[in-house]
Structures are given as structure tokens and as C-alpha cells.
Amino acid sequence: GDRARILVKSPYERAKALVTIEREFILDAKVLDIEGTSSYVEIPIRSEYMPNVFISILLVHGRSEAPASPARQSSVEDVGMPSFKIGYINLPVDPAEKRLAVGIKFPKPEYRPREKVELNLKVETANGSPAGRASLAVAVVDVGVLNLIGYETPDPFSAFYGERPLSVRTSETRIHVVGQREYGEKGEEPGGGGLMREMAAVLGLGEVELRGDFKSTAYWNPALLTDEKGEAIITFILPDNLTTFRVMAVAQTKDSRFGRAESSFRV
């Protein structure tokens, strides 16, 4: 819903600008006329731009002066030849509206072995309204085991809405334009160069494999569904462990919202 203003510092008084919005592919594109050395381009921000997009502006400037006469070619640089300039900017788009708030409640902070535990779970949207039907993965695990392997409650929101790399390559053939030259000079570079801009990022996601006595896990449900109000209730019987259990809940909805929460109680 916002509009981003992008400052274009142009070396040309007048140029054509190809403005593209890119990430995995080209999301949008338009051609504008840019006048002056400091112009602004406005970009309307859409939901599909989360969590970030790359704004590319390619300025194209045609021939500004006629070539020099053949008699002067060897001594005069062709300053009027076609040229271009390109610039990129990474534009973060706040994905907070896709974050779920997960609440975990239980009647008391301490229990006895083999006692029955009742957990109340509630999933809400970022603005505090019920999330509707959501899918929860819930685990109640011995904290001692979790500490041994350094396990943390998974965060799918960061995995799905972390910064993404640019996967579009841009090239421009005008860099291959050969200027006027005297071919009698040896050692001169006769051809043009090439232009290719690439940006890449790697999102590392570690994998944790939990091995050990199953009594270390008091409860596990990978597919718990809430009601229309985003609420669910689970009950389970505690093992004989005298320890602290961590309750971990990870939530998601069909419209790609994610959240997590954790709490603990003592036995």
C-alpha cells in the first residue's frame, strides 16, 4: 500500500529509463522519460513484493552528436556515441502482516509425575484477530535433552520471509558498440567488453535430528488443527521424568502466515 520514491542520479539531461521490479523473475516493468540529473521514480508496493524486491533502472542514451569526419577519426574521440547506465537497489518490504501470534496457556506452572496436563492454544493474526483454521505442530520435550543438542523452537516465518536473493541477470548490448578508431595502430583493444550483473544470497537452514529415549517427549502432534476461532485444546499424561518440559508450538495457515511460541512447566 505504500509508495517508494527512488532517487535516480542520472549523468544525462534526458534519457529513456527501463524500470523493472525483480527477484526470482521480473515482477513488473515500465519505460519512462527521465529529465534532469536528479529525478524520482515512484514504486507502488504490493503484497507479493514481500519480503524484498530489487529495483533496476536502466538509462539508455542515444547518439548525441554526429560522428567526426573521416579525416579526423584518428584524433577525435567519439563522445556522442550511444551509451547507458544501470543501477540497482534492494528494497525491503515489511512482511509483519504475515506473522501469526501463538498463545500457550496451562492452569499451573508445576505438575506431578503421571499427572494429566491440559494445554490451551490460540492462534491470532498480526492485528489480534482470530486466525481461523490453522495447522499447529506441538511438541512437549524435556529441556535437558534440548539443551544437550542446542535445539531451538523452529521459526518458519524467518525461513519463508527472510531476505531473498536476486535471480535475474541483466545485460546491455550497447557496451559492445565500437567507437571510431584508427585501425593502423597496433596494440589497441579493438572490441568492447561485456556487462552482467548478478546478485546471490544463501539462506542456510540447519537440520536437527532428535534421537534418544521417547520418554523425553511427553507429547508430539505434527498436525493439530484449530477451530474457526484459532483455538485448540490438548491433553496428555506426563511420564515419570522429574524435569522441566518445554512446550513448542509452530503455526501456519493456508494463506502463508506463520508463527511460533514456546513456554515451559516443571514436573
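- Applying the side-chain hydrogen bond (donor to acceptor under 3.5 Å, both in side chains) rule to Ser83 yields the partners Tyr12; only residues at least two apart in sequence or on another chain are considered.
- By the side-chain hydrogen bond (donor to acceptor under 3.5 Å, both in side chains) test, Tyr219 pairs with Asn221, sequence neighbours left out.
- Side-chain contact of Tyr161 with Ser256: a donor-acceptor pair under 3.5 Å is absent, judged by distance alone.
- Looking at heavy atoms from C-beta onward, Val267 lies out of side-chain contact with Glu110 at the 4.5 angstrom threshold.
- Around NZ of Lys9, the count of heavy atoms belonging to other residues, nucleotides or ligands within 6.0 Å does not exceed 12.
- Here the side chain of Ser39 pairs a donor or acceptor atom with the backbone of Glu35 at under 3.5 angstrom.
- Of the inter-residue distances, the one linking Glu152 atom CD with Asp155 atom CG reads 9.5 Å to the nearest 0.5 angstrom.
- Thr125 places a side-chain N or O within donor-acceptor distance of the main-chain N or O of Ser129, the cut-off being under 3.5 Å.
- At least one side-chain heavy atom of Leu242 sits less than 4.5 Å from a side-chain heavy atom of Pro113.
- With hydrogens and angles disregarded, a donor-acceptor distance shorter than 3.5 Å links the side chain of Arg23 to the backbone of Met50.
- A distance of 7.0 Å separates CD1 of Ile21 from CD1 of Ile45, quoted to the nearest 0.5 Å.
- Here the side chain of Thr226 pairs a donor or acceptor atom with the backbone of Gly132 at under 3.5 angstrom.
- By the side-chain hydrogen bond (donor to acceptor under 3.5 Å, both in side chains) test, Arg5 pairs with no residue at all, sequence neighbours left out.
- Under 4.0 Å is where a charged nitrogen must lie from a carboxylate oxygen, and between Asp33 and Lys16 at least one such pair does.
- When atom types are taken as modelled, the side chain of Lys98 and the backbone of Asp255 share a donor-acceptor pair closer than 3.5 angstrom.
- Looking only at side-chain heavy atoms (C-beta outward), Leu58 and Phe84 come within less than 4.5 Å of each other.
- Counting all heavy atoms, side chain and backbone alike, Arg112 lies closest to Leu238 at O-CD1, 3.6 Å.
- Linking Ile, Leu, Val, Met, Phe, Trp and Tyr whenever their side-chain heavy atoms come within less than 4.5 Å puts Leu136 and Leu100 in one cluster.
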Q | Test log, rule side chain to side chain contact (heavy atoms under 4.5 Å, CB included), inputs Val141 and Phe245 | A | CA-CA 5 Å; Val141 188; Phe245 281 98; 5.5 Å; no
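- A salt bridge links Glu115 with Lys108: at least one charged nitrogen is closer than 4.0 Å to a carboxylate oxygen.
- Put simply, Val143 and Val138 are part of two different groups of oily side chains (I, L, V, M, F, W, Y) that touch within less than 4.5 Å, one to the next.
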(Q) side chain to side chain contact (heavy atoms under 4.5 Å, CB included) for Ile234 and Leu224? Distances and angles first, verdict last. (A) CA-CA 9 Å; Ile234 61 174; Leu224 176 66; 3.5 Å; yes
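- With hydrogens and angles disregarded, a donor-acceptor distance shorter than 3.5 Å links the side chain of Arg260 to the backbone of Thr153.
- Applying the 6.0 Å contact sphere to CZ of Arg99 captures no more than 12 heavy atoms from other residues, nucleotides or ligands.
- Within a 6.0 Å sphere centred on NZ of Lys229, other residues, nucleotides and ligands contribute 12 heavy atoms or fewer.
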Q: Just do the side chain to side chain contact (heavy atoms under 4.5 Å, CB included) check on Val140 and Thr217 with the steps written out, would you?
A: CA-CA 6 Å; Val140 182; Thr217 302; over 6 Å; no
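- Under 4.0 Å is where a charged nitrogen must lie from a carboxylate oxygen, and between Glu124 and Lys122 at least one such pair does.
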Q | Step-by-step side chain to side chain contact (heavy atoms under 4.5 Å, CB included) determination, Met248 to Tyr151 | A | CA-CA 11 Å; Met248 297 177 287; Tyr151 187 79; 3.8 Å; yes
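- Of the N and O atoms on the side chains of Asn90 and Glu163, at least one donor lies less than 3.5 Å from an acceptor on the other residue.
- Note that the NZ atom of Lys105 and the CD atom of Glu231 stand 9.0 Å from one another [nearest 0.5 Å].
- Once rounded to the nearest 0.5 Å, the distance linking CD of Glu118 with CZ of Phe236 reads 10.5 Å.
- The aromatic rings of Phe265 and Phe106 sit perpendicular to each other, their planes meeting at more than 60°, with 30° as the lower class boundary.
- Tracing side-chain contacts under 4.5 Å through hydrophobic residues (I, L, V, M, F, W, Y), one never reaches Tyr40 starting from Leu32; they form parts of separate clusters.
- Around CZ of Arg114, the count of heavy atoms belonging to other residues, nucleotides or ligands within 6.0 Å does not exceed 12.
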Q: Apply ring-ring contact (aromatic ring centres under 6.0 Å, His included) to Phe258 and Phe160, showing your working.
A: CA-CA 8 Å; Phe258 301 92; Phe160 280 92; 4.3 Å; yes
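- Between Pro156 and Val250, the closest side-chain pair of non-hydrogen atoms falls below 4.5 Å.
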